[in-house]
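Notes to accompany the following structure.
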Amino acid sequence: MFTARISPSTISVITTYRCTAACEDCCFECSPKIDKALSFEEISEFIVKATHYYPSIKLVVFTGGECFILKEKLFFLITMCTELGLTTRCVTNAYWAKNLFRAHSYCQRLIKAGIGEINISTGLSHQEYVSHGTIINAIRALVESNIPVLVTVETDSSTSSCFDKLRSEAIVKDELNKKEPLLKVQVNSWVRFNKANEIRQINQTVDSLKYGCDNLFDAIVITPDKEISACCGITMSHIDEMHLGNINQVENYEKQQKDDFLKIWIKTEGAFQIMKHIGVSDEKLKGINHPCQACVILHKDQEVRKMLLDNYSSHVVRVFNKSKLHEMKGVEI
Ligand code: SF4
Ligand code: SF4
């Protein structure tokens with residue numbers, strides 16, 4: 001029988017669900033009131049164990065919640081990864097850059113630890129807690145310290161213009177105009193978890209819905225619930241099938257997934273395209289603007305689950321062939 005090749009390139013550590021912010025529609029409902037976190041020992045032991053079991057791992061991503069809440073422990077962990085020959089990335093709301101002096105002092109610590117890249121999340125909801133000015137301080141300090149930085153901005157609402165405001169800043173324009181900029185800026189599909197909030201970007205075609213999920217089989221994720229997760233998608237905590245056991249069971253990542261046809265299918269074609277293949281109505285697909293939204297419907301909606309069970313067998317050979325082809329070519333699906 002067909003089995004998928006499971007050779008992850010990345011460990012994604014959801015260090016804590018605690019955050020300095022409490023953004024509306026945060027996918028993990030993080031806030032300053034939540035304490036759930038992985039300990040330093042749990043994270044470091046997992047990194048050592050996982051990299052032994054999966055030598056393909058090259059990158060460790062520290063995220064949350066807000067990973068800089070770990071303070072000294074975060075810098076120790078980055079240093080440990082650097083010494084193990086791993087590249088590192090931190091995903092942050094940049095709260096630590098309230099003034100330029102403080103931002104530079106964080107950057108010095110990051111350089112000393114050997115950081116590979118910083119990802120900053122911002123936008124309308126984030127900026128209720130972390131101001132535009134703080135984000136600009138962080139960008140300036142990171143770029144001046146030669147640390148690559150990716151800024152991800154939420155899709156703006158009908159009345160906000162966070163993206164344009166960011167792009168109009170001199171430091172951003174100057175860096176983006178360079179031949180080899182250290183800065184990248186992108187917009188992320190904004191997903192409304194609270195139905196009372198405005199829908200943003202509903203009529204736009206979202207390219208990522210056309211493709212397979214490149215997070216599956218590539219990123220081994222650990223969570224503050226002391227669990228291994230199959231992905232770090234924004235809806236993963238709502239999908240039982242993404243939970244792969246305790247953080248001590250590093251082998252589960254391979255054992256539980258290599259012959260899981262639905263995961264192979266999602267990896268190959270994406271949850272949105274699967275729903276189209278099995279004939280899910282346009283009415284149900286309407287309003288989906290993020291692949292993980294499609295994924296949670298595929299797993300949780302009883303009508304869709306039944307359609308999947310009734311129809312999947314006619315897609316098995318086609319999906320296995322396509323998946324194998326991609327594995328052989330080593331191309332992104
Ligand atoms: S900054 Fe990120 S982790 Fe923190 S509450 Fe906002 S969306 Fe959640
Ligand atoms: S699409 Fe599904 S499998 Fe992929 S990251 Fe999102 S929730 Fe996870």
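Just so we're clear, the structure is a prediction, and the values are computed from it rather than from any experiment. Atoms within a ligand are numbered from 1 in the order they appear, just like the ligands themselves.
- Checked against salt bridge (Lys or Arg N to Asp or Glu O under 4.0 Å), R102 has no partners two or more places apart in sequence or in another chain.
- Evaluated for a salt bridge (Lys or Arg N to Asp or Glu O under 4.0 Å) with K226, the options E45, E42, E41 yield exactly one hit, E42.
- Atom 8 (Fe) of ligand 1 has C26 SG as protein N, O or S atoms under 2.8 Å away.
- If you number the atoms of ligand 1 from 1 as listed, the ones under 4.0 Å from a heavy atom of H126 come out as 1 (S), 2 (Fe), 6 (Fe), 7 (S).
- Proximity to T235 (heavy-atom distance under 4.0 Å) selects the following atoms of ligand 2: 7 (S).
- Nearest heavy atom pair, residue C90 against residue I115, reads SG-CD1, 3.8 Å.
- Hydrophobic clustering of Ile, Leu, Val, Met, Phe, Trp and Tyr side chains at less than 4.5 Å, counting indirect connections, unites I222 with Y53.
- Every atom of ligand 2 is numbered from 1 in the order shown, and the set under 4.0 Å from a heavy atom of M242 is 3 (S).
- Between K286 and E283 there is a salt bridge, since a side-chain N of the basic residue sits under 4.0 Å from a carboxylate O of the acidic one.
- Of all protein N/O/S atoms, those under 2.8 Å from atom 4 (Fe) of ligand 2 are C213 SG, and waters are not counted.
- Not one N or O on the side chain of Y253 forms a donor-acceptor pair closer than 3.5 Å with the backbone of I6.
- Under the side-chain hydrogen bond (donor to acceptor under 3.5 Å, both in side chains) criterion, N252 pairs with no residue, sequence neighbours left out.
- Annotation for I135 and A94: closest pair CD1-CB, 4.0 Å, computed over non-hydrogen atoms.
- How far CG of N119 is from CG of L150: 4.5 Å, rounded to the nearest 0.5 Å.
- You'll find the ring centres of F68 and F62 outside the 6.0 Å limit.
- Nearest heavy-atom pair across S157 and L124 is OG-CD2, 3.7 Å.
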